[in-house]
Amino acid sequence: MRLSLSSRLSVVLALLPALMVMIVVYIGATGWTVWMSLTNSRMLPNNNFVGLRQYESLFGNDRWITSVHNVVIYGVLFVSLALAVGFLLAVAIDQRVRAEDTIRSIYLYPYSMSFVVTGLVWQWLLNPSLGIQHVLRSWGFAGATFDWIVRPERAIYCLVVAGVWQASGLVMAIMLAGLRGIDDEIWKAARIDGLPKWRVYASIVIPMMGASFATAAVLLSTAVVRLYDLSVAMTNGGPGIASEVPAKFVMDHLFERANIGLATAAATTMLVTVIAVVAPYLYWRARKGDIR
Amino acid sequence: MQRANVDIRSLRIGFGGLKVLDNLNLHVEASEFLVLLGPSGCGKSTLLNAIAGLIDVKSGEIHIGGRDVTWAEPKDRGIAMVFQSYALYPRMTVRKNMSFGLQVAGTPQDEIGRRLGEAAQMLRLTELLDRRPFELSGGQRQRVAIGRALVRHAGVYLFDEPLSNLDAQLRAELRVEIKRLHARLGATMIYVTHDQIEALTLADRIAVMQGGVIQQLDTPKMIYRAPVNRFVASFVGSPAMNFIPGSIARDGGAAFVAGTSRFSLNGYVFRGPPTDAPAVLGIRPEHVEVTASDDPFAVPARVEMVEPMGADSLIWCRLADGTAFSLRHDADAPLRAGDTLALRFPPETLSLFDDKSGQRL
Amino acid sequence: MQRANVDIRSLRIGFGGLKVLDNLNLHVEASEFLVLLGPSGCGKSTLLNAIAGLIDVKSGEIHIGGRDVTWAEPKDRGIAMVFQSYALYPRMTVRKNMSFGLQVAGTPQDEIGRRLGEAAQMLRLTELLDRRPFELSGGQRQRVAIGRALVRHAGVYLFDEPLSNLDAQLRAELRVEIKRLHARLGATMIYVTHDQIEALTLADRIAVMQGGVIQQLDTPKMIYRAPVNRFVASFVGSPAMNFIPGSIARDGGAAFVAGTSRFSLNGYVFRGPPTDAPAVLGIRPEHVEVTASDDPFAVPARVEMVEPMGADSLIWCRLADGTAFSLRHDADAPLRAGDTLALRFPPETLSLFDDKSGQRL
Amino acid sequence: MTVLAEPLPAARRRRARMTPARWGLYAFILISALYFLLPLYVMVVTSLKPMAEIRQGNLLALPVSPSIDAWVTAWASACTGLTCQGIKVGFFNSVRILLPSVFISILVGSLTGYALSLWRVRGASILFGAMMVVAFIPYQLFIYPLVRVFAFTGLGQSLLTIVIIHTIFGLPTMTLLFRNYFTSLPPELFKAARVDGAGFYQIYARIMMPMATPMIVVAVILQTTGIWNDFILGLVFAGRDNLPMTVQLNNIVNSTQGERAYNVDMAATLLTALLPLLVYFGSGRWFVRGIAAGAVKG
Amino acid sequence: EEMKAEVIHWWTSGGEAAAVKVFADQFTKAGGTWIDSAVAGAANARNAAISRTVSGNPPTAMQLNTGKQFDELVEGDLLADVDTVATEGNWKSVMPQAFIAAATRKGKMYAVPVNIHGQNWLWYNKAVLTSIGAAEPKTWDDAFAVLDKLKVDGKVIPLAFSGQKNWEQNLFSAVLIGVGGGPMWVGIMGKRDAALARSAEFKAVAVAYKKLKNYVDAGAPGRNWNDATSLVIQGKAGMQIMGDWAKGEFVAAGKVADKDYGCTVLSNHGGGYMMGGDVFVFPKSKDAATTKAQMTLAKLMLAPETQIQFALKKGSIPVRSDVDSSALDACAQKGMRYVADKAQQLPSVDMLAAPALVGAVQDAISQYWNTDMSADEFSAKVAAVLKAQD
Ligand SMILES: Nc1ncnc2c1ncn2[C@@H]1O[C@H](COP(=O)(O)OP(=O)(O)OP(=O)(O)O)[C@@H](O)[C@H]1O
Ligand SMILES: Nc1ncnc2c1ncn2[C@@H]1O[C@H](COP(=O)(O)OP(=O)(O)OP(=O)(O)O)[C@@H](O)[C@H]1O
Ligand SMILES: [Mg+2]
Ligand SMILES: [Mg+2]
């Protein structure tokens, strides 16, 4: 497509904000971050080059190691559960149920609430002496035990419970859109073939919804990497450091602990990891001709 | 369950407040090829889906092979169905698409293999069995969809505009294939289309529908030659039938008068005694004859446009009084816009309709 | 800028590694109606888009009305274009859709009104001007799309399969409308289709394309009657041309021998001196003649299937040696499967192709 | 071939009102709805209880003596520092931040997405790829350098700054949504507009954006929730005259020392979430449609 | 010219706000306009204040914890000193030495300490202790005996605990001071003596600390401190180690000191009052009016009347020893007595160590408390942390 000069100017003008943001903010700030990670900056940035010492102490830091470990567990569970729950919800709603709009909104509303307080509520609910376990026992189920949030090796799963609670409504919406996009005639064909409904979903519908699953998975993945307020509000990383996550490591060290050097080293590590994962994906998509 | 007949009694179907089919009766003989023909939205798919058990009926009964299946599950009706959009399972191979229903029904492996082989051979799909739908052309996809129906060994095959997503050439090809299939299987087939060529070439009988009502149920020949009303006349046939408004005059042998032109009706078989009333004369383009200009029944007309269509040409003319109509003529005739022709409208090919009711006279 | 000619010189276009057009030359006269005909993916749209300036060319030149516009913006080429998918602006009324381009160009309001009224009247859109696209039927939408092109008063109109999303009846109707438009405007029109009926009825000349190469550029009649190769022969015409493999024998007058059957070639105009070589004989279904069985050139054939198509029927036959072919015959003939016919293949209607190269002999 | 020996139960109505499967379905919907509503329920009942009742620790119990005092307090008189005017003070600040931020971020994002999808520009894929990567980075990381950048430009902390900030951080997602949406449109529309002679901005404003309504709705919902719930960016960049409602919410909820009134906390949270909730309940139908339109094609 | 002071602080709850109001009122009386910028959460408030300071748009004053938090601000020459005011007001003679040190950099005072919080108080429910026939514990050994009794009794949670990192650390600090003694406290946190961290004495502290976990209920992890206090108030738990801000909860519940609840500081070494507090610092300004406002603020914040009013509202004790404490409650007066005794004065962890070190130690403690890490491993870990932070 040959563009006249004025068209080309327009395009450049339109992309100028994006370019500026990209260069000044993202590339500039990222560069600054990487540089800071090579200094011994504490509360205020300084330029005392210390080489890779921050990285050394980062990878010798139990809390960081635990954080990385946790984000992997959380990521895998959260993404797969949110996809599964969201999909099931969408399937349920798709059965022409009554009050569909209301139910859909009920599934969707958690997405509108910040974790500042909902985290606290989840903390209460999961707390053994306050929440569900307490209620169950007071109903006479003496043996009922649900105390994951106070058990270091289980606490991260509690974050998953709340995370799924918040995100699966969004997944539901995406999946519902995907389901509604499936040709009615496929359903008819399956009925004529005498396939049971679950079989249709399992063998035909799910394979057809690749696009919806991909969209949802990308959105959920960004949420995983950025996971912060959930951990702060629900467990504040605890018990101990059992439910710490990388973004919280960065934040805590950036502000509360006034350790910019270490925080930026952690951030740089995250950034490199993301690029290592996302870049091949983008490249693959570009190869497929999806990105022009 | 081969050669089942289909019997539909007082069928009523509606969506919400909308009545789509109202008291519809239809009997399809075993082994018959019935085509449902009609404009978009007239209820063809609705009827077909009701036969398949894919939508609920309000009242009435559906019998297939003598059994009342009004409330039976689709899979228990002994039917198979082919859809307009193919509706292939996109992530499954052709083989899987065709065998999946049988597998789920628990048919033994060797029986599945046998039927699959048979259908694949019949439809020339053997080479394609391991491909996925997106690796197939439109025509191949539709063949697979037919194959999926075939392996069910059903007594009744239902087709919902199976060819309308294909281009002309493929359409012609698959049309022949379906016709052959019918001859070979001898199964009952009900076939929805809004393409009249398909209807005419395939059907034993055609049911022309409009607004949920069957207007005419007859052989293709009768539908084409003796449409019962103006709707059927205009809907069937392409290029379309010409309609010339005028009136019947019985002074000195029945004739049709339109403006200054006068057409003999000698030889036209009236359904009832003719009256001197406003009427519409219908004639198909291919029935208009070019004759010598001294023919006593000849009407002069001026050529306005010539559309060559390969084998023949469509000639657009105007009568002296301005009535426009078309005629079909040998492609080789050296006709040009502006020429004047002498035309004859053979009475035995005409159709006459009441001006008001549109019913055939 | 009316009546512009279009001149395409050594055009090369590719996407990534894929060469779509390679050194294509084409000259379209002013006021000519040129149809680009060819199977899916052969590069028709690519060529049209290149003329419109919507894709970059690799090399070569495009001249419109004598000006080199190879690198001009679409709006500066004096062209208008109609797309297969209508491409109406969904949120604008019909009026807005049609006048948008003029408004953008700063045409004075009264001039816009005039052109709009003119086009709307010509296309019978006056009633629809305040509707939005989704409130229109397919045929109406396509008329609006044409109207949007018309108001541009362009020298060259480009149509990319404008009718292929419509059903048969509408297609026939709009075809006539476009033909009338061309007669009236006298503008150059380049029209892409893969429907040969459209091509044959509309074109002054047809360019039959395959794989990015123009196979034959000629009048519809020549394309239909004297295809230069087997591809053109098979692509044009529906029902398709019959092909019978065999060889040319020059013992006692040129003849074509296929198995035990022998067809006279007396009267066939060879392009070069004929040789005794394997060849393929092509004959269109409507050219096969049923003759008396004592005709010396008659070949016996058995009827396999009869497809009534309204005006006439398509008869599927087999020769004694099993070669299948079809012929077109009057719908009234009382033919049935199993009958035996004596057939004549008039030499002047035949086409002969080289067995290997597929070129016309 | 299938021959059915036994006669079918002819009179059996196929889709009777409630089959066991249907019961199961409704049970599932009910249970999942409970899962989703439980926290909301706890918040609502807690907000209606006096502190004494809350100290009893019966989370799920209905309030014995329900009162809306906490709501009144949260809205009108809860103290955040010296100002004891509840969270209502920030409400209008939030609205003032929200409206231009949503508008401008969608404007810039859609324009970028439009330029990247329909106009083939060199380096577009690189720019877009970089944005995809950026979508994964915790934005908190950029706070410090951005503070410096804005100090340098002289904008400091102001309404304009916070709007720009939200635009910056909304850019990757917005671009992604709109790019995917515009790519999914039939290319003929764009071509038709080009033949009609419309320029870059004319096509954008008069053809593309009017068509993108469902996507705009999605963008509005996403941005509204994001910007409305933002706390840290507003705090750092908005300037003290423009602090959003969430700062007050945080002040009420996150007091470090001193007594904590959970009922007021809950009421304040619910009040704060009111606007996005309204947006959700009002546009649920559009939301699903818009998401479908912007789906990444795999 | 009008005197304006924009003050960023994190005192947002009711009692805290009332305390800030004391400053504000005084400032207004002095003819100034107080512009209140409260941001809940110390980290949030600091983040906002520091962002603004480095971007050249600083507040007039900002709150920090008494300690090392403004080291870099002073180094960056971003703060105005208050030495003149301090000298005029003769602060050095009325303030605990640790506080003067904590506010002084390069020989000048850069911060105004405004209050003292005792952070290692033991709060207990008198009724509960009476019910098992226990008296107020004085030493940690006493305390363990009482806890054991409570545990055997089984009716209440022996030790109310809020399992968040900073409270885990606070409890550890209390044990370290109470069991290990003042010198060890200063040695570890202040002098970063790694060898000391490897000593047997330190390990004994660690063991004592971990032993406390036996007296804590299952719901402790993640609990807010005030919910733990609430357990003590309601008699659901016996005691809690918490700073004197916990008093606010007792007061809000209508409880009376020395009648319904008791307060004390546990020590095996005859004392050790861990004092923390808050300071205000004043970003440098070229504007004379601002500077004037800053100095006015500094002066009136430490005025005796302001001090006592502030302490009353805040639940802390005045930073000046020369004020009339009769208006304060029993526990606060007890605190005043501790502060008056030089031997009892111990700086809080924030005063001894930079935030980075505090945080790193906090992580170690939290890990130790919540996992089955041994005391040996813990001491090694602490030693390593101390060594890494220079
Ligand atoms: N699920 C439905 N809900 C409401 N109305 C419907 C539904 N399905 C069909 N209709 C309406 O019923 C009528 C008949 O529809 P039907 O699909 O049977 O038409 P058709 O003859 O198959 O048309 P086409 O040739 O376009 O496929 C139409 O007016 C249609 O709008
Ligand atoms: N944007 C593109 N990128 C890559 N390949 C393309 C692109 N557009 C077209 N092609 C390829 O170029 C060839 C010619 O395409 P073109 O659209 O011109 O075909 P066509 O003759 O118009 O076919 P149809 O009848 O299906 O419209 C095809 O093989 C097609 O796959
Ligand atoms: Mg239909
Ligand atoms: Mg094309």
Side-chain angles (χ1 to χ4, degrees), chain A residues 80 83-84 86-88 90-91 93-101 171 174-217 284-291, chain B residues 45-46 48-56 72-93 96-107 112 132-134 141-142 144-152 154 156-162 165 192:
Chain A
S80 47
L83 285 178
F87 179 74
L88 285 178
V91 166
I93 284 194
D94 200 33
Q95 308 301 313
R96 292 162 205 273
V97 294
R98 269 167 230 214
E100 183 190 311
D101 276 6
V171 177
I174 297 171
M175 295 292 174
L176 195 55
L179 281 177
R180 297 272 153 99
I182 287 180
D183 190 350
D184 212 29
E185 293 199 334
I186 292 270
W187 282 104
K188 291 183 175 176
R191 282 193 67 196
I192 299 233
D193 263 351
L195 308 181
K197 226 166 192 167
W198 68 267
R199 197 68 201 255
V200 183
Y201 279 111
S203 303
I204 297 167
V205 172
I206 292 183
M208 284 177 76
M209 301 227 321
S212 303
F213 276 94
T215 307
W284 171 71
R285 294 260 309 236
R287 283 287 299 274
K288 269 178 51 182
D290 209 41
I291 292 170
Chain B
S45 301
T46 305
L48 211 65
N49 281 318
I51 298 173
L54 294 170
I55 48 177
D56 279 347
E73 279 283 322
K75 67 171 163 39
D76 302 326
R77 297 186 173 208
I79 52 121
M81 188 159 175
V82 179
F83 299 89
Q84 173 173 2
S85 63
Y86 322 133
L88 298 182
Y89 310 138
R91 293 312 179 91
M92 296 186 185
T93 59
K96 200 75 203 287
N97 258 288
M98 289 169 63
S99 60
F100 195 54
L102 298 179
Q103 272 178 18
V104 170
T107 314
I112 295 180
R132 309 266 202 90
F134 64 87
R141 284 182 208 185
Q142 196 50 283
V144 175
I146 296 172
R148 185 173 60 184
L150 277 193
V151 294
R152 291 182 59 76
V156 179
Y157 289 86
L158 308 172
F159 295 84
D160 194 354
E161 314 204 15
N165 280 356
V192 165

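- For B/Gln84, the parts lying near chain A are the backbone and the side chain together; criterion is any non-hydrogen pair under 4.5 Å.
- Within the 4.5 angstrom heavy-atom criterion, no atom of B/Ala149 approaches chain A.
- Residue B/Leu88 touches chain A through its backbone alone, counting heavy-atom pairs closer than 4.5 Å.
- Closest heavy-atom contact between A/Pro196 and B/Val104: CD-CG1, 3.5 Å.
- Here the NZ atom belonging to A/Lys188 is positioned 11.5 Å from the CG atom belonging to B/Leu158, to the nearest 0.5 angstrom.
- The candidate with the highest count of non-hydrogen atom pairs below 4.5 Å against chain A, out of B/Tyr86, B/Phe83, B/Phe100, is B/Phe83.
- Contacts of B/Met92 with chain A are made by side-chain atoms alone, with heavy-atom separations under 4.5 Å and no backbone atom involved.
- Put simply, the side chain of B/Arg152 gets close to the backbone of A/Ile192: a donor and an acceptor are under 3.5 Å apart.
- Looking at every heavy atom in both residues, A/Gly194 comes nearest to B/Lys75 through CA-CD, 3.3 Å.
- In terms of the side-chain hydrogen bond (donor to acceptor under 3.5 Å, both in side chains) criterion, residue partners of B/Tyr89 (sequence neighbours excluded) are, by chain and number, A/Asp193.
- Side-chain N or O atoms of A/Glu185 include one that pairs as donor or acceptor with a backbone N or O of B/Ser85 at under 3.5 Å.
- For B/Thr46, there are no side-chain hydrogen bond (donor to acceptor under 3.5 Å, both in side chains) partners two or more places apart in sequence or in a different chain.
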